[in-house]
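This report concerns only the one structure given below.
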Number of protein chains: 2
Amino acid sequence: MAKQNTVFKDAYNRCLKVLAETSSLPSEPELGQVLGVSRTTVRAILGRFEEAKLITWDKRKKIVLRQPQPEDYFPTEETDSLAEIIERSFMRRILAGGAEPGMQINELELAREIGTGTTSVREFLIRFSRFGLIEKRPNSHWILKGFTREFALELTEVREMFELRSAASFVALPDSHSAWQELNKIEALHREILADIDNRYQEFSELDERFHLLVHKSSSNRFIVDFYDVISIVFHYHYQWNKTNARQRNARALEEHLAYIEALRSHDPKRAEEACRRHLRSARETLLQSIP
Amino acid sequence: MAKQNTVFKDAYNRCLKVLAETSSLPSEPELGQVLGVSRTTVRAILGRFEEAKLITWDKRKKIVLRQPQPEDYFPTEETDSLAEIIERSFMRRILAGGAEPGMQINELELAREIGTGTTSVREFLIRFSRFGLIEKRPNSHWILKGFTREFALELTEVREMFELRSAASFVALPDSHSAWQELNKIEALHREILADIDNRYQEFSELDERFHLLVHKSSSNRFIVDFYDVISIVFHYHYQWNKTNARQRNARALEEHLAYIEALRSHDPKRAEEACRRHLRSARETLLQSIP
DNA sequence: AATCTGTCTATTGTGGATAAAAGACAAATA
DNA sequence: TATTTGTCTTTTATCCACAATAGACAGATT
């Protein structure tokens, strides 16, 4: 087949939720807005809704006939884009499966294992190469450089430079800047999770990304913001992979974040720098401990 | 056709130069080493040499029959890899042709203009996206963010952080490190060019890259070294594009480099930092002046 | 024993084809 | 008049095919 219709399936599932809360659906362009897809896809969804007797559809009248049932949804495996599938599959291989640094990566073999064409794998590898974990030998294979101690040290060195710079920009933001509101929301979530840490400590990973990304964004520098992708993917898979002492580690990080947030709010560059350094130091330790 | 044989043609041309200096060619693996290609390609070259009556070839005996003539070489246009062609063509369009920021980039159109397949253009754009000049809208077009003042400022901000850090590592290198020898060579070239600046000022661009890359490499950080690609490509095309006062600008930069080199050699972090800052400041000015 | 050559296989780089998705435009509707 | 819809065209995402190139291995040569 030429293209997976994952955009359609994912939007279809999300549209089912919209449908569940109303008795008649809005106009096609409006639905497109809500779902983030083009009218072509919206019309395909409406057509399928009609076939499934979920609605009647006559021009502007889209009347809901029944509530969606679990079996109306497409299975979630079918809604992931190919890029996501390849990424997950690849990360599992290089992090979990004992992948030695220096190992060769074979596009064809990877494609066969994942059950996809070579072009998609190739494009993934090109995109992924900016994370510094693989390297291309032209006209030949890719080489896995591996998730090593050196990698972690190089990554954190740059991260520390960038985050210190960003924190310095953050304290200088005017009070009217929307970042302060977002910071308030993030702080509130920190307190909520800390209050029920035993049950909710897994929510830290996502919150961590949200917080640090907010800080990086205040640098207004695309290279700094883009670099956060590297940090993000590393920590994302790292959290999935290494769960020892997760509750305790996360609790500690949450406390550090709170101190860091308070320091940012003080508008005092010195305090912010200090709190930032303290947190980054312990984040680095945590990362390094998980590497053999 | 499926794949250009530019590797073959380029290696063939280089092999002609090897042939010009000897009466019999070495073994296939050795030639492969020298030319940086596989034995398969070496054998293809030898076969073609035989056809062109440049050599006789019988197993290990490869006897040179005549000197290569200019018409034995493949034209240089045919030896550039597709990736190089696409890059040049794309940079010409976005730097020279009044490309407005926000403009859409169309893979198909670009491919047609360059006379190549869409796959190659697509892969180029993915690779190129890390330079921060373009951005992808999934399932839709690319957007040109443009070579703007903001871009230059963001680029130089990161450049300055990285180069200051690298310079600090450089002064700490042990005297036995090979970087000092390379630094000596680079310094000698600086003096040569300065002595004949009116005729040789165009050689600065290449030397500039060589010098700063050496500095960045001493950071031993892949992210810092990789980032130098971004700086490199921007300055490379910038030099080609903006030639006003080139002689004078280059002379000044050469002088600054010499001061910077001397400061590095002093092993004094303070002096190195100061010389580095001074040069980076004027490099930034030069870059900014060339942007409308 | 070490290296080289002949031969064969596997993988990459690139163009082309096609379904999915985006998007343009005029006629229809409120 | 401002949206919305019906219809049509264009572009992207993906697979596949095939030549160029890399690479493996056994037998030949020094």
Side-chain angles (χ1 to χ4, degrees), chain A residues 1-11 26-32 35-47 57-62 81-83 86 104-112 115-126 136-142, chain B residues 1-11 26-32 35-47 57-62 81-83 85-86 104-112 114-126 136-142:
Chain A
M1 67 227 85
K3 201 173 180 178
Q4 321 288 102
N5 55 352
T6 54
V7 172
F8 166 76
K9 286 177 178 170
D10 183 54
S27 76
E28 296 171 13
E30 197 180 328
L31 265 178
L35 300 170
V37 296
S38 73
R39 256 188 69 219
T40 307
T41 305
V42 168
R43 287 172 66 84
I45 291 169
L46 292 174
W57 179 27
D58 180 45
K59 306 196 172 172
R60 307 185 180 209
K61 310 234 178 291
K62 305 161 191 99
S81 81
L82 195 46
I86 295 176
Q104 296 184 8
I105 297 166
N106 185 314
E107 295 176 2
L108 203 60
E109 189 186 319
L110 249 171
R112 273 193 298 249
T116 176
T118 49
T119 314
S120 314
V121 168
R122 220 178 134 71
E123 289 183 2
F124 165 77
L125 291 171
I126 293 171
K136 175 124 192 78
R137 297 290 147 95
N139 286 309
S140 185
H141 49 258
W142 291 82
Chain B
M1 67 229 83
K3 202 175 180 177
Q4 322 286 102
N5 55 350
T6 55
V7 172
F8 166 75
K9 287 178 177 171
D10 185 53
S27 76
E28 295 171 12
E30 198 181 327
L31 265 177
L35 300 171
V37 295
S38 73
R39 256 189 70 220
T40 307
T41 304
V42 169
R43 288 172 65 85
I45 292 169
L46 293 174
W57 178 26
D58 180 46
K59 307 200 173 165
R60 304 184 184 209
K61 309 238 178 288
K62 304 155 191 111
S81 83
L82 196 45
I85 294 170
I86 295 176
Q104 295 184 8
I105 296 167
N106 185 314
E107 293 176 3
L108 205 59
E109 189 186 320
L110 212 64
R112 271 194 299 250
I114 301 176
T116 178
T118 48
T119 314
S120 314
V121 168
R122 218 178 136 71
E123 289 183 2
F124 166 77
L125 291 171
I126 294 172
K136 175 127 192 75
R137 297 291 148 94
N139 286 310
S140 184
H141 49 260
W142 291 81

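Below, chain A is the first sequence line, B the second, and so on; all start at residue 1. No experiment lies behind these values; they were computed from the predicted model shown.
- A:E123 has its CD atom 13 Å from the P atom of C:dG13, to the nearest Å.
- Within the 4.5 Å cutoff, no side-chain heavy atoms of B:T6 are placed close to those of B:L82.
- Here A:K61 lies out of heavy-atom contact (under 4.0 Å) with every strand.
- The minimum heavy-atom distance between A:E28 and A:K62, with the atom names listed, is N-NZ, 4.0 Å.
- Nearest-nucleotide mapping onto DNA chain C: of A:V42 and A:T119, the residue sitting toward the 5' end is A:T119.
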I'd like a table of atom pairs between the protein and nucleotides 7-11 of chain D - only N or O on both sides, under 3.5 Å - with the distance next to each one.
{"from": "D:dT11", "atom 1": "OP1", "to": "B:N106", "atom 2": "ND2", "distance (Å)": "2.8"}
{"from": "D:dT11", "atom 1": "O5'", "to": "B:N106", "atom 2": "ND2", "distance (Å)": "3.4"}

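- Between B:T116 and C:dT14, a side-chain N or O to OP1/OP2 separation shorter than 4.0 Å is absent.
- Counting all heavy atoms, side chain and backbone alike, A:P138 lies closest to A:K136 at CD-O, 3.6 Å.
- A:R60 is not listed as a side-chain neighbour of A:S27, based on a closest heavy-atom distance of 4.5 Å or more.
- Among the protein residues, B:T41 comes within range of the sugar-phosphate backbone only, with heavy atoms under 4.0 Å from sugar or phosphate atoms but none that close to a base.
- Remark: C1' of C:dG15 and CZ of B:F124 are 19 Å apart, rounded to the nearest angstrom.
- Between the C1' atom of C:dC4 and the CD atom of B:E30 lies a distance of 11 Å, rounded to the nearest Å.
- Distance from the side chain of A:N139 is smallest for D:dA22 among the nucleotides C:dT14, C:dA22, D:dA22.
- No contact: A:K9 has no heavy atom under 4.0 Å from any strand.
- Heavy atoms of A:T6 sit under 4.0 angstrom from primed sugar atoms or phosphate atoms, though from no base atom.
- Atom CZ in A:R137 sits about 18 Å away from atom P in C:dT11, given to the nearest Å.
- Regarding B:N5, its CG atom lies at a distance of 11 Å from the P atom of C:dT14, rounded to whole Å.
- Set against C:dA22, D:dG6, D:dT4, the side chain of A:S27 has D:dT4 as its closest nucleotide.
- Between B:I126 and B:W142 there is a side-chain heavy-atom pair separated by less than 4.5 Å.
- The terminal axes of the helix from C:dA1-D:dT30 to C:dA30-D:dT1, fitted over 5 pairs per end, subtend an angle of 40° to the nearest 10°.
- With contacts defined as side-chain heavy-atom distances shorter than 4.5 Å, the pair B:L35/B:I45 qualifies.
- Going from atom OG1 of A:T41 over to atom CZ of A:R39 covers 11.0 Å, rounded to the nearest 0.5 Å.
- Atom CD in B:Q4 sits roughly 10 Å away from atom C1' in D:dA20 (whole-Å rounding).
- The minimum heavy-atom distance linking A:N106 with A:L108 is given by the pair OD1-N, 3.0 Å.
- Looking at heavy atoms from C-beta onward, A:Q4 lies out of side-chain contact with A:T116 at the 4.5 angstrom threshold.
- With DNA chain D read from its 5' end, the first of the two nearest nucleotides for B:P138 and B:K59 is the one closest to B:P138.
- Summarising the geometry, the separation between CD1 on B:I45 and C1' on D:dT21 is reported as 11 Å, rounded to the nearest angstrom.
- The interatomic distance linking B:E28 (CD) with C:dT3 (C1') rounds to 12 Å, in whole Å.
- Within the 4.0 Å cut-off from OP1 or OP2 of C:dA21, not a single side-chain nitrogen or oxygen of A:S38 is found.
- Summary of the strand contacts: B:P29 and B:G117 both lie near DNA chain C, and taking for each the nucleotide with the nearest heavy atom, the more 5' one is attributed to B:P29.
- For B:R122 and D:dA13, the shortest distance from a side-chain N or O to OP1 or OP2 is below 4.0 Å.
- Annotation for B:E107 and B:V121: closest pair O-CG1, 4.0 Å, computed over non-hydrogen atoms.
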